[in-house]
Amino acid sequence: MPAIFEWTHTVANADLDGLGHANNISYVKWMQSAALAHSAVQGWPVEAYSELGCGWVVRSHFIEYLSPALLGDTIIVRTWVADMKKVTSLRRFRILTTRSDKDIILAWAQTDWAFIDYSAGTPKRIPPQVSSSFEIAVVEDD
């Protein structure tokens with residue numbers, strides 16, 4: 001299973017803001033989609049968390065925008081789990097595209113997740129069957 005997962009998307013009109021580049025909300029959606037897809041390939045689709053009765057909620061997002069995503073760009077969202085603590089996990093992202101045969105980093109980002117009991121809405125220790133499904137990746141430019 002991949003420690004570093006790649007999710008791709010082509011920037012569409014619905015992703016754009018009034019300035020003609022991808023809206024910041026689109027970046028958050030892309031990050032969410034990449035995280036969910038990575039979790040699913042690790043054996044934890046949304047349904048598995050529902051059956052377990054617990055799963056992830058976002059505590060915080062951080063995004064540093066470096067270059068705009070434009071209509072028609074094929075973006076790659078690279079994501080990995082940077083740490084896994086008792087009840088939280090940090091997931092990092094690199095969002096990039098290729099233009100004129102050059103890779104362009106569009107944004108660096110991270111999301112801090114908390115594991116909660118769905119019925120109580122309270123933090124819960126991450127079960128070993130969940131934590132052992134994700135390799136902690138160390139990426140040089142972090």
Side-chain angles (χ1 to χ4, degrees), residues 1-124 126-127 129-142:
M1 296 294 155
I4 299 175
F5 181 78
E6 291 190 352
W7 180 85
T8 60
H9 173 77
T10 301
V11 178
N13 279 319
D15 296 317
L16 302 180
D17 62 16
L19 299 176
H21 54 69
N23 188 299
N24 60 308
I25 294 168
S26 295
Y27 282 79
V28 174
K29 288 179 183 179
W30 301 337
M31 292 162 57
Q32 175 91 6
S33 294
L36 290 172
H38 185 209
S39 188
V41 301
Q42 298 303 112
W44 288 98
V46 171
E47 299 79 20
Y49 290 114
S50 292
E51 289 174 19
L52 191 62
C54 49
W56 301 103
V57 295
V58 172
R59 292 180 63 203
S60 66
H61 290 297
F62 172 81
I63 305 171
E64 182 177 354
Y65 301 99
L66 303 171
S67 187
L70 305 173
L71 181 64
D73 279 350
T74 298
I75 61 155
I76 299 168
V77 178
R78 288 190 183 132
T79 186
W80 59 94
V81 175
D83 76 21
M84 183 97 49
K85 297 179 181 174
K86 290 179 186 177
V87 298
T88 64
S89 180
L90 184 66
R91 176 178 285 280
R92 295 211 165 125
F93 302 87
R94 297 298 176 263
I95 303 170
L96 53 107
T97 193
T98 302
R99 293 187 197 130
S100 303
D101 295 328
K102 290 184 183 178
D103 285 344
I104 299 168
I105 298 175
L106 303 173
W108 313 87
Q110 64 184 34
T111 300
D112 190 26
W113 296 85
F115 205 77
I116 65 161
D117 179 293
Y118 287 156
S119 61
T122 56
K124 179 179 175 74
I126 302 165
Q129 68 267 35
V130 174
S131 60
S132 66
S133 298
F134 296 91
E135 180 181 340
I136 304 303
V138 177
V139 176
E140 282 188 34
D141 59 1
D142 273 352

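Because the structure is a prediction, the values reported are computed rather than measured. Throughout, residue positions are numbered sequentially from 1 according to the sequence presented. Computed from heavy atoms alone, side chains included, the values below leave out hydrogens, waters and symmetry copies.
- For the pair L70 and V11, the minimum side-chain heavy-atom distance is 4.5 Å or more.
- A distance of 13.0 Å separates NE2 in H21 from CG in L71, rounded to the nearest 0.5 Å.
- At least one side-chain heavy atom of Q129 sits under 4.5 Å from a side-chain heavy atom of L52.
- Between the N23 side chain and the D17 main chain, no donor and acceptor come within less than 3.5 Å of each other.
- Two residues are said to be in side-chain contact when any heavy atoms from C-beta on lie closer than 4.5 Å; R92 and V139 fail this criterion.
- Contact detail for A14 and S26: the closest heavy-atom pair is O-OG, 4.5 Å.
- To the nearest 0.5 Å, atom OG1 of residue T111 and atom CD of residue Q32 are 8.0 Å apart.
- At least one donor-acceptor pair under 3.5 Å links the side chain of Q42 to the backbone N or O of S133.
- The side-chain heavy atoms of W7 and T79, taken from C-beta on, include no pair separated by under 4.5 Å.
- A 4.5 Å side-chain heavy-atom check between F115 and S89 finds every atom pair outside the cut-off.
- For an aromatic pair to be called close, the ring centres must be under 6.0 Å apart, and F93 with Y27 fails this.
- At distances below 3.5 Å, at least one donor-acceptor pair connects side-chain atoms of S39 with backbone N or O atoms of W44.
- Taking the side chain as every heavy atom from C-beta outward, D15 and K29 never approach each other to under 4.5 Å.
- Counting heavy atoms from C-beta on, the side chains of R91 and V81 come closer than 4.5 Å.
- For the residue pair R99 and A69, the shortest heavy atom distance occurs at NH2-CA, 4.0 Å.
- A distance of 11.0 Å separates NE2 of H9 from OG1 of T97, quoted to the nearest 0.5 Å.
- Side-chain atoms of I126 and W113, non-hydrogen and from C-beta on, never get closer than 4.5 Å to each other.
- The CG atom of D112 sits 7.5 Å away from atom CG of D83, with the distance rounded to the nearest 0.5 Å.
- Distance CH2/W108 to CG/L96: 9.5 Å, rounded to 0.5 Å.
- Here the CH2-NE2 distance, from W80 to H38, works out to 11.0 Å after rounding to the nearest 0.5 Å.
- Between the side chain of D73 and the main chain of I75, no donor-acceptor pair closer than 3.5 Å is present.
- Of all heavy-atom pairs between T88 and W56, the closest is C-CZ3, 4.4 Å.
- Taking every heavy atom of both residues into account, A107 and I63 meet most closely at CB-CG2, 4.1 Å.
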